[in-house]
Amino acid sequence: MANTPHKPSRRTVALRYALWFLVAAVLALMVLVFALGRKEAEGVLSAGAYGGPFQLVNQAGAPVTEAVLRGRPTALFFGFTHCPDVCPTTLYELAGYQKALKAEGKDLGIVFVTVDPERDKPDTLRTYVGALSDDVTALTGDPASVESMLKSFGIYARKVPQGDDYTMDHTASILLLDRQGQFKGTIAYGEDPAAAKAKLERLSAS
């Protein structure tokens, strides 16, 4: 006698459909939660300016806050005046880009923040950046205020003993901020000049 295929009962079929419906509903809910969470996270990231509030002084000794990073596209660089090569080279190149963009009718602000406030006082910074351009804002302050600012902008800086003296190890990339102070990218130290200029042109147009 041939075996007759077993047919599931209506109750079993109904249970299977219910389980499949439940699985589909859970998956749909997970996708929705993920999408909403991602959208909310993107909104938070894009809503505010990069970094945190700070209170420092410029090369003239005048108080400066994070407002210095608003109102114009800005190349933000961190370094120190005793830096042997990276800092003067980077600032020299930035000043050149700034001059070229200005000739094209485009705006670019340059803000230089010292990572060595113990030695880099306003007078020192004024002489240092004044030799490059009259349109560079240099910032310093008491060590605690500078350290707090560096931390809020994700900048690494460390004092390195060097005989009876010391040097500073620090982040060498340039941060690019738009007119609202929002992060738009970086320029790495030694990056191809054409690529760096293209980034600054896009930034100045933002």
Side-chain angles (χ1 to χ4, degrees), residues 49-117 119-141 145-146 149-150 152-157 168 170-206:
Y50 187 75
F54 58 84
Q55 293 184 331
L56 300 176
V57 296
N58 62 18
Q59 64 263 44
V64 174
T65 69
E66 63 279 3
V68 73
L69 303 177
R70 313 285 192 272
R72 65 190 303 202
T74 301
L76 177 61
F77 180 64
F78 299 80
F80 62 116
T81 62
H82 285 68
C83 179
D85 44 34
V86 174
C87 303
T89 298
T90 299
L91 287 172
Y92 177 80
E93 291 174 346
L94 276 176
Y97 292 136
Q98 183 187 58
K99 184 178 180 180
L101 289 170
K102 187 175 181 179
E104 298 173 6
K106 300 174 182 177
D107 188 32
L108 176 68
I110 300 174
V111 175
F112 173 63
V113 182
T114 182
V115 297
D116 185 17
R119 294 185 294 197
D120 290 342
K121 305 304 180 185
D123 288 346
T124 304
L125 291 176
R126 183 167 61 251
T127 301
Y128 189 71
V129 300
L132 298 169
S133 170
D134 59 0
D135 192 15
V136 175
T137 299
L139 303 182
T140 187
S145 296
V146 171
M149 191 271 190
L150 299 182
S152 72
F153 279 78
I155 299 301
Y156 164 80
M168 298 295 297
H170 63 92
T171 299
S173 296
I174 301 166
L175 303 186
L176 305 179
L177 308 178
D178 68 11
R179 298 175 191 276
Q180 289 73 46
Q182 295 183 4
F183 178 77
K184 290 298 179 180
T186 63
I187 295 176
Y189 176 67
E191 186 165 334
D192 176 68
K197 187 171 188 296
K199 289 181 179 180
L200 292 172
E201 287 178 337
R202 288 194 297 271
L203 180 69
S204 64
S206 63

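Listed here is the closest heavy atom pair of P122 and N58: CB-O, 3.7 Å. Scanning both residues, L132 and A95, for their nearest heavy atoms gives O-CB, 4.1 Å. Listed here is the closest heavy atom pair of G79 and C87: CA-SG, 3.6 Å. The shortest non-hydrogen separation linking Q180 to A49 is O-CB, 3.5 Å. The two residues S173 and A188 have their closest heavy-atom pair at OG-CA, 4.1 Å. Nearest heavy-atom pair across L56 and G141 is CD2-CA, 4.3 Å.
The salt bridge (Lys or Arg N to Asp or Glu O under 4.0 Å) check on K184 picks up D178, with sequence neighbours excluded. In this structure, H82 has no ring pair (Phe, Tyr, Trp, His ring centres under 6.0 Å) partners at least two apart in sequence or on a different chain. The side chain to side chain donor-acceptor pair (under 3.5 Å) search around D116 returns R119, Y166, not counting sequence neighbours. Residues meeting the side chain to side chain donor-acceptor pair (under 3.5 Å) test with T186, sequence neighbours left out: none. Applying the ring pair (Phe, Tyr, Trp, His ring centres under 6.0 Å) rule to F153 yields the partners Y50; only residues at least two apart in sequence or on another chain are considered. Remark: K197 pairs with E104, E201 by the salt bridge (Lys or Arg N to Asp or Glu O under 4.0 Å) rule, at least two apart or across chains. E191 pairs by the side chain to side chain donor-acceptor pair (under 3.5 Å) definition with K199, not counting sequence neighbours. The ring pair (Phe, Tyr, Trp, His ring centres under 6.0 Å) test applied to F78 returns no partner, not counting sequence neighbours.
Applying the ring-ring contact (aromatic ring centres under 6.0 Å, His included) definition to pairs two or more places apart or across chains, none involves residues 51-73. Listed by first and then second residue, the side-chain hydrogen bond (donor to acceptor under 3.5 Å, both in side chains) pairs that reach into residues 61-73 are R72-D107, R72-D135, sequence neighbours excluded. Applying the salt bridge (charged side-chain N to carboxylate O under 4.0 Å, His left out) test to every pair with at least one member in residues 84-102, sequence neighbours left out, gives no pairs at all. Sorted by first and then second residue, the ring-ring contact (aromatic ring centres under 6.0 Å, His included) pairs involving residues 89-110 (not counting sequence neighbours) form an empty list.
Of the options V115, V113, L139, L125, a side chain to side chain contact (heavy atoms under 4.5 Å, CB included) to D120 is made by L125 and by none of the others.
Judged by distance alone, with hydrogens and angles left aside, the side-chain atoms of T127 form a donor-acceptor pair with the main-chain N or O of D123 at under 3.5 Å. Judged purely by atom type and a 3.5 angstrom limit, S152 uses its side chain to pair as donor or acceptor with the backbone of M149. Using a distance-only test at 3.5 Å, with no hydrogens or angles considered, no donor-acceptor pair links the side chain of T114 to the main chain of F80. Checking side-chain atoms of R126 against main-chain N and O of Q59 turns up a donor-acceptor pair under 3.5 Å.
One finds the OG1 atom of T90 at 9.5 Å from the CD1 atom of I187 (value rounded to the nearest 0.5 Å). In this structure, F112 CZ and I174 CD1 are separated by 11.5 Å, a value rounded to the nearest 0.5 Å. For the atom pair CG of L175 and OG1 of T74, the computed distance is 11.0 Å after rounding to the nearest 0.5 Å. The distance from atom CG of L76 to atom CG of L69, rounded to the nearest 0.5 Å, is 6.0 Å.
Other residues, nucleotides and ligands place no more than 12 heavy atoms under 6.0 Å from the CG atom of D134.
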